[in-house]
Amino acid sequence: MTRLISALRVLTASAAALLTVAATAPAARATPEPVAPREFVALRTVAPTIIQEMRYLTPHNFVGEPVDGYRQPVCLVTRPTAEALRTAQRKLLRQGYSLKVYDCYRPQRAVDHFVRWAEDLQDERMKPEFYPRVDKSRLFADGYIAEKSGHSRGSTVDLTLVKLPALPTRPYRPGEKLAPCYGPKAERFPDNSVDMGTGFDCFDTLSHTDDPRVQGEQRVNRQLLKSTLAGVGFTNLPEEWWHFTHKPEIFPDSYFDFPVAWRSVMGS
């Protein structure tokens with residue numbers, strides 16, 4: 001009996017020690033998702049008439065699948081960028097046009113996804129549309145893909161013009177036959193935008209804003225977009241007619257990684 005009592009005392013003491021450890025050990029917690037600084041807003045809350053077609057949430061992009069970090073079809077930008085776009089939109093509406101954004105803030109995880117894709121030389125499923133004349137092994141050297149993007153700072157947008165009234169753009173069907181992004185507008189993937197000479201994200205020198213081969217209506221359309229945005233503080237990237245950065249940037253040296261979702265700016 002004495003041995004049994006001693007054994008019970010030992011077990012009781014061990015159980016008490018385990019409970020003490022469990023009570024004092026820090027609770028396991030999931031790492032909270034990063035959110036946007038308060039300077040970020042959803043464009044729709046500032047300029048609701050701007051059309052949004054967030055391409056990287058869909059498989060219709062050069063990667064061929066939804067891109068990491070894009071959770072909802074919402075354009076996020078810094079407030080000064082949104083306000084400048086609102087001013088440009090008001091001017092364009094009076095001329096019978098609307099802006100349409102394809103991409104706005106881009107999380108670093110999305111840029112990392114682009115890099116992984118570019119390093120996989122076997123994945124060329126979207127080559128016939130987005131980079132038919134460029135060898136995939138050249139995408140880094142030619143500057144089409146980089147490990148950092150100005151989009152991650154929140155003041156850069158990819159956008160175009162749409163003639164009003166805006167007709168809907170049909171959805172992309174994965175696996176459908178692709179046409180070169182630099183071909184005639186009637187032969188490219190349908191887009192309700194005006195003719196800019198190439199489609200969005202066309203990895204080709206014809207996408208250079210002032211390429212001399214782009215003339216007539218296409219050149220007029222590019223210049224209308226460029227001049228309108230320049231008038232409200234945007235600078236165009238010469239290699240991409242669709243790429244504009246609002247200056248001065250609030251976060252010139254930051255590369256954020258919060259997801260593209262409403263919750264990221266709900267506190268703004």
Checklist entry - So Asn61 and Met126, side chain to side chain contact (heavy atoms under 4.5 Å, CB included) or not? Walk me through it. => result CA-CA 8 Å; Asn61 57 66; Met126 303 303 284; 5.9 Å; no
Next on the checklist: Between Glu53 and His60, is the side chain to side chain contact (heavy atoms under 4.5 Å, CB included) condition met? List the steps.
Outcome noted: CA-CA 11 Å; Glu53 186 181 315; His60 188 217; 5.5 Å; no
Next on the checklist: As a quick check of understanding, evaluate side chain to side chain contact (heavy atoms under 4.5 Å, CB included) for Ile51 and Val101, giving each step before the final call.
Outcome noted: CA-CA 6 Å; Ile51 301 168; Val101 292; over 6 Å; no
Next on the checklist: salt bridge (Lys or Arg N to Asp or Glu O under 4.0 Å), that's the test. Do Asp195 and Arg188 meet it? Break it down for me.
Outcome noted: CA-CA 10 Å; Asp195 188 2; Arg188 302 195 299 263; 3.0 Å; yes
Checklist entry - Between Arg170 and Phe189, does a side chain to side chain contact (heavy atoms under 4.5 Å, CB included) hold up when you go through it step by step? => result CA-CA 9 Å; Arg170 75 162 175 84; Phe189 183 85; 3.5 Å; yes
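Looking only at side-chain heavy atoms (C-beta outward), Ser264 and Phe40 stay at 4.5 Å or farther from each other. With contacts defined as side-chain heavy-atom distances shorter than 4.5 Å, the pair His113/Pro66 does not qualify. Contact annotation: the side chain of Leu225 never approaches that of Phe234 to less than 4.5 Å [non-hydrogen atoms, C-beta and beyond]. At least one side-chain heavy atom of Pro107 sits under 4.5 Å from a side-chain heavy atom of Val260. Looking at Gln52 and Pro73, their side chains never come closer than 4.5 Å, going by heavy atoms from C-beta outward. A heavy-atom distance below 4.5 Å is not found between the side chains of Met266 and Val35. Residues Ser207 and Tyr182 fail the side-chain proximity criterion, which asks for heavy atoms closer than 4.5 Å.
Under the 4.5 Å side-chain contact rule for hydrophobic residues, Val63 and Leu178 share a cluster. The hydrophobic clustering, which links ILVMFWY residues whose side-chain heavy atoms are closer than 4.5 Å, places Leu237 and Phe130 apart. When hydrophobic clusters are built by joining Ile, Leu, Val, Met, Phe, Trp and Tyr residues whose side-chain heavy atoms come closer than 4.5 Å, directly or via intermediates, Met196 is grouped together with Leu224. The hydrophobic clustering, which links ILVMFWY residues whose side-chain heavy atoms are closer than 4.5 Å, places Val74 and Val265 together. Taken together through direct or relayed side-chain contacts under 4.5 Å among Ile, Leu, Val, Met, Phe, Trp and Tyr, Leu93 and Leu99 form parts of separate hydrophobic clusters.
For residues 72-104, the set of pairs meeting the ring pair (Phe, Tyr, Trp, His ring centres under 6.0 Å) definition, not counting sequence neighbours, comprises Tyr102-Phe200. Pairs of residues two or more places apart, or lying in two chains, that qualify as ring pair (Phe, Tyr, Trp, His ring centres under 6.0 Å) and include a residue from residues 202-222 are Phe62-Phe203, Tyr144-Phe203.
Between Ala42 and Leu76 the shortest heavy-atom distance is CA-CD2, 3.9 Å. The two atoms that bring Leu206 and Arg222 nearest to each other are O-NH2, 2.9 Å, heavy atoms only. Shown here for Pro128 and Arg125, the closest heavy-atom pair between the two residues is CD-O, 3.7 Å. Shortest non-hydrogen contact noted between Asp191 and Arg55 is OD2-NH2, 3.3 Å. Between Pro132 and Pro180, the shortest heavy-atom distance links the atoms CG-CB, 4.1 Å. Residue Val134 comes nearest to Lys127 through the heavy atom pair O-NZ, 2.6 Å, listed as atom of the first residue, atom of the second, then distance.
The closest side-chain donor-acceptor pair between Thr81 and Thr78 falls under 3.5 angstrom. Side chains of Thr235 and Thr245: a donor-acceptor N/O pair is absent below 3.5 angstrom, by distance only.
Partner Thr87 forms a side chain to side chain contact (heavy atoms under 4.5 Å, CB included) with one of Leu229, Thr228, Leu92, Val232 and no other, that one being Val232. For the side-chain hydrogen bond (donor to acceptor under 3.5 Å, both in side chains) test with Thr49, the passing option among Arg86, Arg44, Gln89 is Gln89; the others fail. Here the options are Glu249, Lys148, Arg106, the test is side chain to side chain contact (heavy atoms under 4.5 Å, CB included), and the partner is Arg153; only Glu249 passes.
No donor-acceptor distance shorter than 3.5 angstrom exists from the side chain of Glu240 to the backbone of Cys202, with no hydrogens or angles considered. Under a 3.5 Å cut-off, the side chain of Lys136 and the backbone N or O of Asp123 do form a donor-acceptor pair.
Heavy atoms from other residues, nucleotides or ligands lying under 6.0 Å from CD of Gln223 number more than 12.
Taking 4.0 Å as the cut-off between side-chain N and carboxylate O, Glu33 and Arg109 count as a salt-bridged pair.
Here His243 contributes atom NE2 and Thr156 contributes atom OG1; the two are 4.5 Å apart, rounded to the nearest 0.5 Å. Ile250 contributes atom CD1, which lies 9.5 Å from atom CZ of Arg79 (distance to the nearest 0.5 angstrom). Here the OG1-CE distance, from Thr58 to Met54, works out to 10.5 Å after rounding to the nearest 0.5 Å. Interatomic distance, CG of Asn192 versus OG of Ser98, reported as 9.0 Å (0.5 Å rounding). Taking CG of Asp204 as the reference point, atom CG of Asp201 lies at 12.5 Å (rounded to 0.5 Å). Taken to the nearest 0.5 Å, the OG atom of Ser155 stands 10.0 Å off from the CD atom of Glu39.
Here the two rings, on Tyr131 and Trp117, have centers that are under 6.0 Å apart. Within the 6.0 Å centre-distance limit, the rings of Phe114 and Tyr56 are counted as a close aromatic pair. Ring-centre distance between Phe256 and Tyr105: not below the 6.0 Å cut-off.
Under a cutoff of 6.0 Å and an axis angle of 45°, Lys100 and Trp242 do not form a cation-pi pair.
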